[in-house]
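What you see below is based on every heavy atom in this structure, not just the backbone, and it leaves out hydrogens, waters and symmetry mates. We name chains A, B, ... by the order of the sequence lines, and we start the count at 1 in each one. Small disclaimer: the values here were computed from a predicted structure and weren't measured.
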Amino acid sequence: MPLVYNITMKRINQVLESEPNHAEITVRGWVRSFRNDRFIALNDGSTIHNLQCVIEPADHDQSILDEINVAAAVAVTGHLTESEGSGQRVELQATKVVILGKADPEDVKLTILSPKRHSLEKLREQAHLRVRTNTFGAVMRVRAALSFAIHKYFQEKGFYQAHTPIITGSDAEGAGEMFRLSTLDPKNPPINEDGSINYKEDFFEKESNLTVSGQLEAETYAMGLGQVYTFGPTFRAENSNTSRHLAEFWMIEPEVAFNDLDANMDLAEDFIKYVVSYALDNCADDIEFLENRLEQEDKQKPQNERSPMPLREKLKFIGKNNFKRVSYTEAIDILKNSKPNKNKKFKYIIEEWGADLQSEHERYLVEKHFECPVILFDYPAKIKAFYMRLNDDKKTVRAMDILFPGIGEIVGGSQREERYDVLKQKMADMHIEEAELWWYLEMRKFGSVVHSGFGLGFERLVMFVTGMGNVRDVIPYPRTPGNAEF
RNA sequence: UCCUCUUUAGCUCAGCUGGUUAGAGCAUUUGACUGUUAAUCAAAGGGUCCUUGGUUCGAGCCCAAGAAGGGGAGCCA
């Protein structure tokens, strides 16, 4: 088999950029379509575009032609020429076709690889094959580019990645229900005298869980390395059944010593603008494809549910315009005086300061009132976590959320409470076990300084950049309540 | 967890007031054509009408329970 790697082997994205100079090259990929017994549309995952390989049927064995079926893997050797057709600039005049992996059309017919449109729900059922569709190829390339851009941004800014633990021994991170972790025999666990399970005999000799956030550990690292970020998987055992929640998702959590909340907002905004612009510049073809896909999808929807602007325009808008910064108190005033509040169109009517904002309120602010991303800050202390820094008014904390159109909350962050006594008191008030988080509190005794950070849900970012409407369609194998297939 | 909608061919769907042998487009197969671009033209094959139980002379259609999936809400990122 002449299939060892050599200099003439090329990825299709490179080939499509090459000059049609008749040089002999070999490409390998999967057949997307085979028209007229002559035109193979070949895709190798390197780009949304296919390479058209042209074969002269008389020059190839019938046994080979019979196996050039949709989804089959083939290696094609030939000469790159200008295309006679109008659909592409260059094409490969094939001299040799080798079938690398067969695909029986009768079997392919039963899968989403069959050459026709499929619903996103159907693609989800066959998640092991969906990356071979145009839409998922594009989404996953954009996801990978965004992941790279995130590391690039922080590394260039002098941040260090902190690998915070995935298994945690504390259950007080306060960000949601946790997945319990144990090696005890579930049918016959060791029992204490009072009937409870004796975790002293478990692997870690205490209860352990999958992490819901690396923030608390990241804070300790910011106190040594100055500016750090985490980027890893996070687990929440919430029974959330929405298009925006996963039980396993990836989160980015920068944490910076000496930053106050204003600097934190500056960082978050600059960071988001950078990665969105990076994707726009480096995944132009994929985002163009996704924009067209979205436009087609919008045609099926009623006018008021359609995207207000095309995908690329929306992404450029994010890069160019400043996010609107509004305090919680101002936001409440805006909402109180808003039409839907006065006409009782909101399900939850805003009556007084202190109420938690529902997603209908966030959407109103972002999509109707300001029509741009909004950063809300200085929330009531009562509705926010124990570690957020108390303002001098004793009523509000230095918290901020970034709200995006169509996505809702994409970032949640705060300036952390750096004062030992204040933090200790807040932990007591909010019933946080000091024994669980002694180390977090103790950090405040040794050179404690102002510091801030935020968490950004990676999948929500990918949703925004790709225009996909369901978080399950921007991660390879989504984990949701009742679903851990694949 | 709550509200709501859906489930009919491989896929997307239609199926009238409960009435003979359940249809269409795409996909697949076969043939024709051979510079196509979601190729085109012709023909063929393809059904546990989600499951269970009930009402009825008769159920894809009505009733009940269950299952799976979508959308929305809550919680959050």
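Figure legend. B:rU48 is base-paired to no nucleotide; pairs are counted as Watson-Crick or G-U wobble with both atom distances under 3.5 Å. Here B:rC62 sits opposite B:rG54 as a Watson-Crick or G-U wobble pair (both hydrogen-bonding atom distances under 3.5 Å). When both distances must be under 3.5 Å, the Watson-Crick or G-U wobble mate of B:rU1 is B:rA73. Of the nucleotides present, B:rG10 is the one that pairs with B:rC26 by Watson-Crick or G-U wobble criteria, both distances under 3.5 Å.
Here, B:rG58 and B:rU20 have their P atoms 15 Å apart, quoted to the whole Å. When the P atom is used for both B:rU7 and B:rC49, the distance is 15 Å, rounded to whole Å. Of the C1' atoms belonging to B:rA9 and B:rG23, the separation is 10 Å, rounded to the nearest Å. Annotation: B:rU8 and B:rC50 have their C1' atoms spaced 10 Å apart (nearest Å). Across B:rA68 and B:rA32, the matching P atoms stand 49 Å from one another, rounded to whole Å. Nucleotides B:rC11 and B:rC16, compared at atom C1', are 26 Å apart to the nearest Å. Taking atom C1' on both nucleotides, B:rA65 is separated from B:rG18 by 22 Å, rounded to a whole Å. Comparing B:rA59 with B:rU17, their C1' atoms are spaced 14 Å from each other, to the whole Å.
Nucleic acid contact class of A:V471 (heavy atoms, under 4.0 Å, all strands): none. A:N241 comes within contact range of at least one nucleobase, with a heavy-atom separation under 4.0 Å. Backbone-only engagement by A:L110 is indicated by non-hydrogen atom pairs under 4.0 Å involving sugar-phosphate atoms exclusively. Backbone-only engagement by A:S119 is indicated by non-hydrogen atom pairs under 4.0 Å involving sugar-phosphate atoms exclusively. The residue A:L246 sits close to a base: some heavy atom pair falls under 4.0 Å. Residue A:R472 is classed as a sugar-phosphate contact, given heavy-atom separations below 4.0 Å to backbone atoms only.
Of the two residues contacting RNA chain B, namely A:G457 and A:E106, the nearest-nucleotide position lying further toward the 5' end is that of A:E106. Residues A:N69 and A:Q93 each lie close to RNA chain B; by heavy-atom proximity, the contact nearer the 5' end of the strand is made by A:N69.
Between A:F386 and A:Y440, the ring planes lie perpendicular to each other; the angle is over 60°, past the 30° to 60° tilted range. A parallel orientation is assigned to the rings of A:Y229 and A:F154, their planes being inclined by less than 30° (bins at 30° and 60°). Between A:F454 and A:F271, the ring-plane angle classifies as tilted under the 30° and 60° cut-offs.
When ring centroids are compared, A:Y348 and A:H361 stay outside the 6.0 Å threshold. A:F323 and A:F404 have their aromatic ring centers within a separation under 6.0 angstrom. In this structure, the ring of A:Y153 has its center no less than 6.0 angstrom from the ring center of A:Y278. Ring pair A:H49/A:F289: centre-to-centre distance not below 6.0 Å.
The A:D356 side chain lies nearest to B:rC76 when the options are B:rG35, B:rC76, B:rC11. Across B:rG72, B:rU34, B:rA27, the shortest atom-to-atom separation from the side chain of A:S243 is found for B:rG72. Closest approach to the A:T242 side chain among B:rC75, B:rC26, B:rG69 is made by B:rC75 (side chain taken as heavy atoms from C-beta onward).
As rounded to whole Å, 8 Å separates atom P of B:rG69 from atom CD of A:E125. Put simply, CD on A:Q358 is 5 Å from P on B:rG74, counting in whole angstrom units. Remark: P of B:rG72 and CD of A:E362 are 15 Å apart, rounded to the nearest angstrom. For the pair A:K109 NZ and B:rG25 C1', the computed distance is 15 Å after rounding to whole Å. Going from atom CG of A:L403 over to atom P of B:rC76 covers 14 Å, rounded to whole Å. The CZ-P distance, from A:R363 to B:rA73, rounds to 7 Å in whole Å. Rounded to whole Å, the distance from NE2 on A:H245 to C1' on B:rG74 is 9 Å. Rounded to whole angstrom, the span from the CZ atom of A:R236 across to the P atom of B:rG74 amounts to 17 Å.
Ion pairing between a basic and an acidic side chain is recognised when a charged N comes within 4.0 Å of a carboxylate O; A:E255 and A:R416 show such pairing. Remark: A:K336 does not engage A:E351 in a salt bridge, criterion side-chain N to carboxylate O under 4.0 Å.
A:K122 contributes no side-chain N or O that forms a donor-acceptor pair with the base of B:rC11 under 3.5 Å. The base of B:rC76 lies outside donor-acceptor range of the side chain of A:S240, with no N or O pair under 3.5 Å.
Looking at heavy atoms from C-beta onward, A:R130 lies in side-chain contact with A:D473 at the 4.5 angstrom threshold.
Closest heavy-atom contact between A:S277 and A:G319: OG-CA, 4.2 Å.
Contact check of residues 344-354 of chain A against RNA chain B (heavy atom, cut-off under 4.0 Å) returns A:K347, A:Y348.
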Scan nucleotides 36-43 of chain B nucleotide by nucleotide, 5' to 3', and note B when protein non-hydrogen atoms come under 4.0 Å of the base, S if they reach only the sugar-phosphate, - if neither. BB-B----
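Enclosure of atom OH in A:Y221 is not indicated, since only 12 or fewer non-hydrogen atoms of other residues, nucleotides or ligands lie within 6.0 angstrom.
Taking only side-chain nitrogens and oxygens, A:R124 comes nearer than 4.0 Å to OP1 or OP2 of B:rG70. At least one side-chain nitrogen or oxygen of A:S359 sits closer than 4.0 Å to the OP1 or OP2 atom of B:rA73.
A:K314 forms a cation-pi arrangement with A:F464, by the criterion of a distance under 6.0 Å to the ring centre and an angle within 45° of the ring axis.
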